[in-house]
Amino acid sequence: MKLVLATHNRDKAREIVDMLSGLDVDVVTLDAYPDFPPTVEDGDTLEANALKKACEAREHTSFSALADDTGLEVDALGGAPGVYSARYSGENATYASNCARLMREMENVAPGKRAARFRTVMALALTSRDTERARRSGEASRAIEYLVTDGVLPGEIAALARGTHGFGYDPVFIDSASGRTLAEMTLAEKNRNSHRYRALIEMRELMLRLTLARETR
């Protein structure tokens, strides 16, 4: 199966490729399609954005396409930045500017009130060829045009940024289970537990069950 990752974000692509290792899947990113126009992420939900990115990439490349949309949801901010996480500090947002805005808005929030979660919705838009493969597997009761999974990682917002790994909000997000920020973890440590891992491991299992992919080891 050839699979297009509907992203130009090399940090995200590296994580996803690492998690898909061990499957007979030929993975390429949108960097292989320089004429592909950026998807306008105007959905009101993470699922809407993920589906739109995957479907547009599938139509442009003629291969099944995998996309995700991830949001940081902070209780003290009413669930913000949520679907706007990537552009929280404006249209020309950077990782640093998004973290800076978040830290400014959280600076007067008490330690016990800083609960947050990362949420990833992953969508796989299937070509008609792969839809037929899934139908023949016997696991699908109907033709499947796309698959959607969800992963959540609970935690809290740190008072100060910590760590040098990762990207995005990783330096200011403390994982509940370990007490460390995601930026204090290696890629392997993060991938074993992250929100993206949880969504992708479910997607991986669906791909295996529907015979879209096979394990090679």
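These numbers were taken from a predicted model, which means no experiment stands behind them.
- With 3.5 Å as the limit, one finds a donor-acceptor pair spanning the side chains of Ser64 and Asp130.
- Following chains of ILVMFWY side-chain contacts shorter than 4.5 Å, one cannot reach Leu30 starting from Leu66, and the two form parts of different hydrophobic clusters.
- Looking at Thr149, its side chain does come within 3.5 Å of a backbone N or O of Ala199 through a donor-acceptor pair.
- Using a 4.5 Å heavy-atom cutoff, the side chains of Ile157 and Met103 are in contact.
- With salt bridges taken as basic N to acidic carboxylate O contacts below 4.0 Å, none links Arg114 and Asp75.
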Problem - side chain to side chain contact (heavy atoms under 4.5 Å, CB included) between Lys113 and Glu156, worked out - result: CA-CA 9 Å; Lys113 305 291 185 180; Glu156 62 182 87; over 6 Å; no
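- Under the 4.5 Å side-chain contact rule for hydrophobic residues, Leu23 and Val28 do not share a cluster.
- Side chain of Glu189 to main chain of Thr186: a donor-acceptor pair is present (N/O by atom type, distance under 3.5 Å, no hydrogens or angles).
- Listed for the Thr181 side chain is a donor-acceptor partner under 3.5 Å among the backbone atoms of Arg162.
- With values rounded to the nearest 0.5 angstrom, Thr45 atom OG1 is found 8.5 Å from Asp69 atom CG.
- Taken to the nearest 0.5 Å, the CE atom of Met185 stands 9.5 Å off from the OG atom of Ser194.
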Practice task
Check the pair Ser85, Glu73 against side chain to side chain contact (heavy atoms under 4.5 Å, CB included), reporting the backbone distance first and the verdict last.
Solution key: CA-CA 9 Å; Ser85 294; Glu73 302 171 348; over 6 Å; no
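- At a cut-off of 3.5 Å, with distance as the only test, a side-chain donor of His8 or Asp31 sits close to an acceptor on the other residue.
- Under a cut-off of 6.0 angstrom, the local environment of OH in Tyr33 is crowded, with over 12 non-hydrogen atoms contributed by other residues, nucleotides or ligands.
- The closest donor-acceptor contact from the side chain of Lys53 to the backbone of Thr7 lies at 3.5 Å or more, if one exists at all.
- Checked by atom type, the side-chain pair Ser21/Asp18 shows no donor-acceptor distance below 3.5 Å.
- Put simply, the side chain of Arg133 gets close to the backbone of Thr211: a donor and an acceptor are under 3.5 Å apart.
- A salt bridge links Glu132 to Arg135: at least one charged side-chain nitrogen sits closer than 4.0 Å to a carboxylate oxygen.
- Under the 4.5 Å side-chain contact rule for hydrophobic residues, Val74 and Tyr88 share a cluster.
- Val121 and Phe118 fall into different hydrophobic clusters, where Ile, Leu, Val, Met, Phe, Trp and Tyr residues are linked whenever their side-chain heavy atoms come under 4.5 Å apart, directly or through other members.
- Taking both residues in full, the closest heavy atoms of Asn49 and Asp42 are given as OD1-N, 3.5 Å, listed atom of the first, atom of the second, then distance.
- At a cut-off of 3.5 Å, with distance as the only test, a side-chain donor of Tyr95 or Asp11 sits close to an acceptor on the other residue.
- Between Lys190 and Asp175, none of the side-chain N atoms (NZ, or NE/NH1/NH2) sits under 4.0 Å from a carboxylate O, so this pair counts as no salt bridge.
- Arg119 CZ to Asp68 CG: the interatomic distance, rounded to the nearest 0.5 Å, is 13.5 Å.
- When side chains are defined from C-beta on, Arg14 counts as touching Leu187, because their heavy atoms get closer than 4.5 Å.
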Exercise for the section: Could you please spell out the steps behind the side chain to side chain contact (heavy atoms under 4.5 Å, CB included) verdict for Leu182 and Leu153? Expected result: CA-CA 11 Å; Leu182 295 183; Leu153 182 68; 3.9 Å; yes
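- A 4.5 Å side-chain heavy-atom check between Leu20 and Leu200 finds at least one atom pair inside the cut-off.
- Within the 4.5 Å cutoff, no side-chain heavy atoms of Leu160 are placed close to those of Val172.
- In this structure the side chain of Arg209 reaches within 4.5 angstrom of the side chain of Leu206, judged on heavy atoms.
- Atom-to-atom distance recorded for Asp150:CG and Arg198:CZ is 11.0 Å, nearest 0.5 angstrom.
- Side chains of Arg87 and Asn98: a donor-acceptor N/O pair is absent below 3.5 angstrom, by distance only.
- For the residue pair Met122 and Met203, the shortest heavy atom distance occurs at O-CE, 3.6 Å.
- For the residue pair Thr131/Ser128, the side-chain donor-acceptor check at 3.5 Å is not satisfied.
- With values rounded to the nearest 0.5 angstrom, Leu3 atom CG is found 6.0 Å from Leu124 atom CG.
- Without hydrogens or angle criteria, Arg196 side chain to Thr70 main chain gives no donor-acceptor distance under 3.5 Å.
- In plain terms, the two heavy atoms of Ala125 and Tyr146 that are nearest each other are CA-CB, 4.1 Å.
- Looking at Glu41 and Tyr84, their side chains never bring a donor and an acceptor atom within 3.5 Å of each other.
- Side-chain atoms of Thr61 come within 3.5 Å of backbone N or O of Ala57 as a donor-acceptor pair.
- Between the side chain of Asp170 and the backbone N or O of Phe167, at least one donor-acceptor pair lies under 3.5 Å.
- Residues Arg214 and Asp24 are paired through a salt bridge, judged by an N-O separation under 4.0 Å between the basic side chain and the carboxylate.
- Of all heavy-atom pairs between Thr120 and His195, the closest is OG1-CD2, 2.9 Å.
- We find the CD-CG distance between Glu205 and Leu210 to be 11.0 Å, quoted to the nearest 0.5 Å.
- Salt-bridge formation is detected for the pair Glu145/Arg58: a Lys NZ or Arg NE/NH1/NH2 atom is positioned less than 4.0 Å from an Asp or Glu carboxylate oxygen.
- For Arg101 and Glu105, the salt-bridge test passes: some basic side-chain N is under 4.0 Å from an acidic carboxylate O.
- What you find for Ala54 and Ala65 is that their closest heavy atoms are O-CB, 3.3 Å.
- Counting heavy atoms from C-beta on, the side chains of Glu184 and Ser178 never come closer than 4.5 Å.
- Leu126 approaches Ile144 most closely through the heavy-atom pair CD1-O, 3.5 Å.
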Practice task
Decide yes or no on side chain to side chain contact (heavy atoms under 4.5 Å, CB included) for Met19 and Arg204, but give the supporting numbers first.
Solution key: CA-CA 9 Å; Met19 293 180 214; Arg204 180 186 172 116; over 6 Å; no
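- In this structure, Leu208 is a member of the same hydrophobic cluster as Val27, with clusters built from ILVMFWY side-chain heavy atoms closer than 4.5 Å.
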